[in-house]
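Report on the structure given below.
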Amino acid sequence: MRRVLALILAGGHGKRLGVLTEKIAKPAVPFGGKYRLIDFTLSNCVNSGIYHVGVLTQYRPHLLISHIGIGRPWDLDRKKGGLVILQPYLGGVAGWYKGTADAVYQNIEFVDEANPEQVLILSGDHVYAMDYNDMLDFHILKNAEGTIACMEVPLDEASRFGIMLTDVESRIVDFEEKPPRPRSNLASLGIYVFNWSFLREYLIRDAEDEDSSHDFGKDIIPRMIKEGRQIFAFKFSGYWRDVGTIRSYWESNLELTRPLPPLNLYDRHWRFYTQTEEMPPAYCAPESRISNSIISEGCEIRGTVENSVLFQGVHVGEGSVIKNSVIMTGTVVGKNCLIENSVVAERVTIGDEVQIGIGDDAPSALDPEVYTGLITVIGMYSKIPENVRIGKNCVVGVGVTEKDFSVKELPSGGFILRGE
Amino acid sequence: MKVLGLILAGGHSESLGPLVSKRASAALPVFGKYRAIDFTLSNMVNAGIRKVGVLTQYNPRSLMDHLGSGKEWDLDRKNGGLFILQPYVSAEGSYWYKGTADAIFQNMTILRRGEEDYVLIGSGDHIYKIDFTQVFNFHFSTGADITLLVKYLDETYDLTKYGIVQMEDHRIVSIEEKPQNPRGNLAFLGVYFMNKYLLMELLYNYVTKGENDLLNIVISQLGKLKVHGYVFNGYWRNVKKGIDEYFRINMDALRKEIREELFYKHGKVYTKLKDLPPPKIGSSAVVKNSIISDGCIVNGHVENSVLFRGVVVKAGAVVENAVVMQDTMIEEGAVVKNAILDKEVLIRQQGRLVGKEKLAVMEKRAVL
């Protein structure tokens, strides 16, 4: 039995998901009809036989922590090992986590106690199916000190990733975090294996370095490679997505509705586990028309749903049409609505005759870096009164109420946030 | 007040034919993801009962697998929790349960040892949602010794298959089991609530004399004890009453008011989790007036049907008026109408299974 401890970095904000992560950490963002992002990494761990997992939280952890609980859906409620939430704490040099490396550094005692041979450093906000044993086997075969999972990406996208250059033995000879002019298309997936004694030494040195930003990709790994350590690249060719932007989030969800999606949720030998509310199966009414869509438990569909992902307990009223959209848990859509190219967050109430995602696209007046076009985003718990028309690339903030809608029309690129 | 829940789940019914050849009727799958026993068990848990004994006898494997440690009902507990009470062998001999009273009598230990003062006895075959705390309140406020759950059944029930009750005010004066000519339509619903020590006394007095049926014992006490009837007005059906009744119960869930009552009123219905992804409806699919469960992949035509978890309906297949249980596969061009397909059935390409006056039924793992 290998002594492997997994540490899942789940403290991130995910700023580029805009209002979707205003109240929740990115790993808690819902995905694929019933899951939250962290479910994929947690399920990969237990499917790979790793039953000792630390989850490092920081940004708005409440929903994330209540979702994970004591790890029961993943069989991680165990006497030995199991799931441990590692939150920032006070005492000594501790405090808020300053970066991904600092987060692990502050939990050195926890890892020492677990005494693993290898630690697996994972990110809680990627969607993928991966048997970590393949990577661990590779790590041991190569007699590596560290192994980084990587994937070939299109060259024009490479500058979004940590990019590595390798020799014929797959040993990494150079590593650049988000290079403006990438010299290779081998991108880091943010999945690392390290021998613990080796990593421990680098974490301590990094903590002492006042110029460091305490980040794995920016500081720790470049230093290891500069010092000529045995760091190898493990090529992964399966499905992997970083749903870091609203566009990629929307696309990755809709991708699941295709006839043979690249991520197979239906593989009984590699299940994805999650914590869900107990609900009856979905009901599709006589007047419903559903095609190319995922609909979840507790849904009641009386309208038309096309190329969309509907989470648990979504109600779609008579005459309403939902196209190319992601509608999250508990959202209720009234009658004769039209929702197109939108992401509607959890427990939103949409009145009758509402239209969302109509008209021509326009740049966002709120934040063109985050809201890059086409997709309209409706924040959780908001209430949209009847007859409202909302354009493309619009934003309705978290908890917006009927009172905040002084006008019946929100043109493309516009936004409404919650009033005081 | 602490209440012990007991669920009678040992029964067998010939009239359910192949559906119960390998399972107890309480383990019959219903409404896409549940089993019959989930309703009584959830009703008990939702009423605050923390200790439940399930009395099993007939083919209990699938029932035991379903209940597990009781985790889904929060019954995996240090104190109380779920107890499976099956017939056993001991130094005095081994005895199958000879009836409902005998089944409880043979498990007297759970009554003797517990700290509970009251016992609620239900059946694993009944589909209904009830707030049992109302029954407890009725019991005390009317000063009953024994409270039975009763209901006025309409013409959709075959009254000759139920116990028909005569009641004066609250008090039950007579009960006729399965009468040829029923006098009235007030029926006993198989639920008893009484003081635990009274139950123990009755069992000691009557089971030792050879009366093994609990209802017969209660009938014998009608003149002596205050046996009251709590009239239940909600949806109530018994899966054990035959294949047509079982089919009808499943189809009832296609009605909005019944879904709301069964799934959302008086707390949730808990069941074993399967960790399957949400259902996917393909581009050529037509789904009308149907229940579709997790793990289903539908590319064909599905109408007026209940699809359980993991059912696959391939392109060009037609499923109408059907109850299709877990992991059944209906291949391209097949037609299934007026039918019940048990688990893991395979209807091959172009296969036709069409029930006429009688529903077509396919046994577990059957292939057409």
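Chain letters run A, B, ... following the sequence lines, proteins first and then strands; every chain starts at 1. In what follows, every heavy atom counts, from backbone to side chain, and hydrogens, waters and symmetry copies are set aside.
- For A:P281 against B:I291, the heavy-atom pair with the smallest separation is CB-CG2, 3.5 Å.
- The most heavy-atom pairs under 4.5 Å with chain B, out of A:V305, A:V309, A:L265, A:L256, come from A:L265.
- Note: A:Y273 leads A:Y273, A:F272, A:F311 in heavy-atom pairs under 4.5 Å with chain B.
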Problem set entry | Derivation and outcome, side chain to side chain contact (heavy atoms under 4.5 Å, CB included), residues B:L276 and A:Y266 | CA-CA 7 Å; B:L276 293 175; A:Y266 298 81; over 6 Å; no
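- Considering A:E278, A:E297, A:E277 in turn, A:E277 is the only one that fulfils the salt bridge (charged side-chain N to carboxylate O under 4.0 Å, His left out) rule with B:K268.
- Contact between A:C284 and B:I292 at its shortest, heavy atoms only, is SG-CG1, 4.0 Å.
- Atoms CD1 and CD, from B:I281 and A:E306 in turn, are 13.5 Å apart once rounded to the nearest 0.5 Å.
- More than 12 heavy-atom neighbours from other residues, nucleotides or ligands sit within 6.0 angstrom of NZ on B:K71.
- Residue contact with chain A, scored on non-hydrogen atoms closer than 4.5 Å, involves the backbone of B:V269 exclusively.
- Residues B:R259 and A:E300 are paired through a salt bridge, judged by an N-O separation under 4.0 Å between the basic side chain and the carboxylate.
- Heavy atoms of B:F31 lying under 4.5 Å from chain A belong exclusively to its backbone.
- Ranked by heavy-atom pairs under 4.5 Å with chain A, the list B:C296, B:G295, B:S284, B:G310 is led by B:G295.
- A distance-only check finds no donor-acceptor pair linking the side chain of A:S293 to the backbone of B:K280 [under 3.5 Å].
- Across every non-hydrogen atom of A:R268 and B:D327, the tightest pair is NH2-OD1, 2.8 Å.
- A donor-acceptor contact shorter than 3.5 Å is absent between the side chain of A:K34 and the backbone of B:D294.
- Heavy-atom minimum distance, A:P280 versus B:F263: CB-CD1, 3.4 Å.
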